[in-house]
2 protein chains.
Amino acid sequence: MFKKAKQSRVFQDVVEQIQNAILSGKLSPGTKLPPERELKDMFNTSRGTLREALRVLEQKGLIEIKLGVSGGAIVKRIDTEPIAESLALLIRSGEVSLEHISEFRIKIEGSLVELAAQRATKKDIRELETLYNKAKAYYKEHDWENFLKTDEEMHTYIGIMTRNPVFQFVQKSIHDNIHKYYEEYLPMNKKRTLENLTDFKRLLDAMRINDGKAASRIIMDHVKRFNNKMQEKLKGKT
Amino acid sequence: MFKKAKQSRVFQDVVEQIQNAILSGKLSPGTKLPPERELKDMFNTSRGTLREALRVLEQKGLIEIKLGVSGGAIVKRIDTEPIAESLALLIRSGEVSLEHISEFRIKIEGSLVELAAQRATKKDIRELETLYNKAKAYYKEHDWENFLKTDEEMHTYIGIMTRNPVFQFVQKSIHDNIHKYYEEYLPMNKKRTLENLTDFKRLLDAMRINDGKAASRIIMDHVKRFNNKMQEKLKGKT
DNA sequence: CCCTATATAATGGTTAAACCATTCGACGTT
DNA sequence: AACGTCGAATGGTTTAACCATTATATAGGG
């Protein structure tokens with residue numbers, strides 16, 4: 001029924017005041033907060049307590065703290081990093097397995113691509129074509145590292161095409177956490193790279209005619225296939 | 001290419017040591033850490049620095065700190081709370097709108113219900129039937145508050161039926177953040193409650209025959225309809 | 001004997017003042 | 001103009017003391 005009455009923790013009050021100032025826009029990204037020795041006086045508290053508040057704000061991803069003269073707490077643009085970090089904790093704690101993540105990713109990426117295809121503009125298609133040609137060139141040069149980088153760019157751009165930041169955030173959080181597995185257990189070679197490129201070509205064609213359902217099928221199939229490959233490798237190792 | 005070399009922040013080292021101990025299972029949930037005055041000696045640091053580390057761990061949701069004698073830092077079971085909190089920041093900062101969330105929710109809940117239907121056991125169906133009958137009783141008594149509570153229980157149980165914690169986590173994070181909107185802008189009445197109950201009956205029937213696609217259609221339609229109602233109310237207010 | 005009120009001590013929360021470490025910029029030297 | 005040196009601003013750390021909260025022990029009353 002009722003919430004626990006506010007605890008008497010001074011640093012919490014400081015956190016809330018600064019957080020509210022940031023969220024309400026009174027402090028915009030890039031703004032530098034006054035030095036600790038001034039802030040402590042403004043909040044009428046001690047430096048130790050003030051620093052505990054700054055530690056919390058830093059952990060929340062609201063500020064960044066730099067050292068040295070002209071250093072200090074700088075207001076950050078809010079991003080997906082804290083979410084990705086919390087998700088990483090869940091994974092490392094064993095609460096969720098790689099298979100759980102993969103299953104989720106297949107569904108999410110399916111929905112995401114469907115939306116992107118439905119909303120694709122001519123400009124989007126041109127952008128994807130540019131990326132596709134870039135990837136193709138790297139493939140011909142056998143430059144797997146840059147190929148992968150371009151592949152990442154394509155996924156990111158498709159996220160942008162949804163025009164929905166939630167999908168972008170979730171995809172990034174998942175990718176950040178799953179990436180190290182792929183790097184370790186699924187090194188790129190000529191065959192796999194070509195397969196990747198071919199899948200992307202099919203996806204691009206579906207996007208061109210705004211066929212969301214087809215695009216969704218293509219990416220889900222793609223993710224499933226590459227995921228299976230990795231699961232096999234994983235089993236082989238253990 | 002390279003990562004920034006490790007900064008020389010003592011409290012970060014303390015955070016990592018304790019975090020690793022928790023994640024590796026050396027410290028299990030419920031365990032109480034030694035008092036600050038002992039920990040500070042174990043890490044050979046000052047109390048202020050140690051407390052900054054504890055603040056970070058608390059914010060990460062890894063420990064909980066209690067006051068008074070026999071108080072102290074207690075290892076928490078990792079859950080979805082920090083993710084929900086970070087998501088709340090993204091919403092409050094204006095980076096994501098209610099419509100963005102709703103669109104995402106429609107897709108997620110569709111996938112989630114599809115999985116749940118495919119994996120539904122006879123025990124699951126019995127459990128859902130019990131919940132359905134409970135909701136029906138509250139409907140007949142015009143007890144909207146308990147009806148909503150039971151509705152929430154049904155959604156949670158369907159999450160469990162996926163057997164995938166990622167879906168459970170995401171659904172909870174989204175629901176925690178969207179709930180206050182629904183409470184404020186979409187109060188329950190007889191007509192809406194009956195509509196809700198009818199939708200759930202249809203969902204239950206689809207689950208009974210493990211028809212994932214049908215279940216998915218039903219829930220997506222349900223979420224869309226209730227979301228539209230709320231969007232209208234929202235527009236009316238502004 | 002049991003219940004309640006009070007006292008005690010353990011523990012987190014806060015304060016103060018000093019010193020250390022890092023970094024940027026000014027200034028001077030070549 | 002390029003480079004090196006030095007000083008000051010700022011975050012990071014330490015110490016020592018005191019305050020606030022709360023579980024438990026103790027004492028008193030019924």
Side-chain angles (χ1 to χ4, degrees), chain A residues 2-19 21-22 27 29-76 81, chain B residues 2-19 21-22 27 29-76 81:
Chain A
F2 294 113
K3 287 185 182 176
K4 193 163 47 177
K6 197 170 86 176
Q7 287 205 36
S8 61
R9 303 216 280 185
V10 177
F11 76 86
Q12 273 295 355
D13 190 55
V14 175
V15 166
E16 275 158 34
Q17 285 194 52
I18 296 179
Q19 175 172 303
I22 292 174
L27 291 173
T31 308
K32 199 169 85 178
L33 296 182
E36 291 180 355
R37 289 158 178 91
E38 282 177 40
L39 278 175
K40 124 192 124 88
D41 292 333
M42 291 166 66
F43 287 109
N44 189 33
T45 183
S46 70
R47 224 182 129 204
T49 300
L50 176 82
R51 281 174 58 80
E52 291 191 25
L54 292 180
R55 224 45 342 117
V56 171
L57 290 165
E58 186 185 39
Q59 192 58 36
K60 286 187 174 198
L62 290 169
I63 62 172
E64 191 175 5
I65 296 173
K66 284 189 177 166
L67 240 64
V69 61
S70 89
I74 296 165
V75 178
K76 261 177 74 172
E81 193 201 309
Chain B
F2 294 114
K3 287 185 182 176
K4 192 162 49 178
K6 197 169 88 178
Q7 287 204 35
S8 63
R9 303 216 280 186
V10 177
F11 76 85
Q12 273 296 355
D13 190 56
V14 176
V15 166
E16 274 158 34
Q17 285 194 53
I18 297 179
Q19 174 171 303
I22 293 173
L27 292 173
T31 308
K32 199 169 85 179
L33 297 183
E36 290 179 355
R37 289 159 178 90
E38 282 178 39
L39 278 175
K40 121 191 128 83
D41 292 334
M42 290 166 67
F43 287 109
N44 190 33
T45 182
S46 71
R47 223 182 129 205
T49 300
L50 176 82
R51 281 174 59 79
E52 291 191 25
L54 292 179
R55 223 49 340 119
V56 171
L57 290 165
E58 186 186 39
Q59 192 59 35
K60 286 188 174 198
L62 290 169
I63 63 172
E64 191 175 5
I65 295 173
K66 284 190 178 167
L67 240 65
V69 61
S70 89
I74 297 164
V75 178
K76 261 177 75 171
E81 193 200 308

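Being a predicted model, the structure only gives us computed values, none of them experimental. The sequence lines fix the lettering, A, B, ..., with proteins before strands; numbering per chain opens at 1.
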When every non-hydrogen atom of L50(A) is compared with those of L39(A), the smallest separation belongs to CD2-CB, 3.6 Å
Between [N] ([atom2]) and [X] ([atom1]): distance, integer Å:
| X | N | atom1 | atom2 | result |
| --- | --- | --- | --- | --- |
| K40(A) | dT10(D) | NZ | P | 14 Å |
| E38(B) | dA10(C) | CD | P | 12 Å |
| R9(A) | dT14(C) | CZ | P | 8 Å |
| E64(B) | dT11(C) | CD | C1' | 16 Å |
| K66(B) | dG13(C) | NZ | C1' | 18 Å |
| L50(A) | dA16(C) | CG | C1' | 14 Å |
| L54(B) | dT14(C) | CG | C1' | 15 Å |
| E36(B) | dA10(C) | CD | C1' | 12 Å |

Review point. Taking the side chain as C-beta and beyond, is there a heavy-atom pair between L57(A) and V14(A) under 4.5 Å?
Key: no
* Asked: Is the closest side-chain heavy-atom distance between I22(B) and T31(B) below 4.5 Å?
  -> no
Selected nucleotide, minimal atom distance to [X] side chain, candidates [options]:
| X | options | result |
| --- | --- | --- |
| P35(B) | dT14(C), dT11(C), dT21(D) | dT11(C) |
| R37(A) | dC19(C), dG13(C), dT22(D) | dC19(C) |
| R47(A) | dG11(D), dA9(D), dG13(C) | dG11(D) |
| I65(A) | dT23(C), dG12(D), dT11(C) | dG12(D) |
| S46(A) | dT14(D), dT14(C), dG12(D) | dT14(C) |

Between K32(A) and V69(B), the residue closer to the 5' end of DNA chain D by nearest nucleotide is K32(A)
- request: Examine the base of dG12(D) for any acceptor or donor lying under 3.5 Å from a partner atom in the side chain of R55(A), and report the outcome as yes or no.
  value: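 Donor-acceptor pair under 3.5 Å: no.
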So, is R51(A) close to the dG11(D) phosphate, meaning a side-chain N or O under 4.0 Å from OP1 or OP2?
->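 No, outside the criterion.
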Judged by nearest nucleotide, the residue sitting upstream toward the 5' end of DNA chain C, S70(A) or T45(A), is T45(A)
Note: for E52(A) and G68(A) on DNA chain C, the residue whose nearest nucleotide lies more 5' is E52(A)
Between R47(A) and E36(A), does any NZ, NE, NH1 or NH2 come within less than 4.0 Å of an OD or OE carboxylate oxygen?
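Looking at E36(A) and R47(A), the cut-off is met.
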Is any NZ, NE, NH1 or NH2 atom of the basic residue among R55(B) and E58(B) found under 4.0 Å from an Asp or Glu carboxylate oxygen of the other? yes
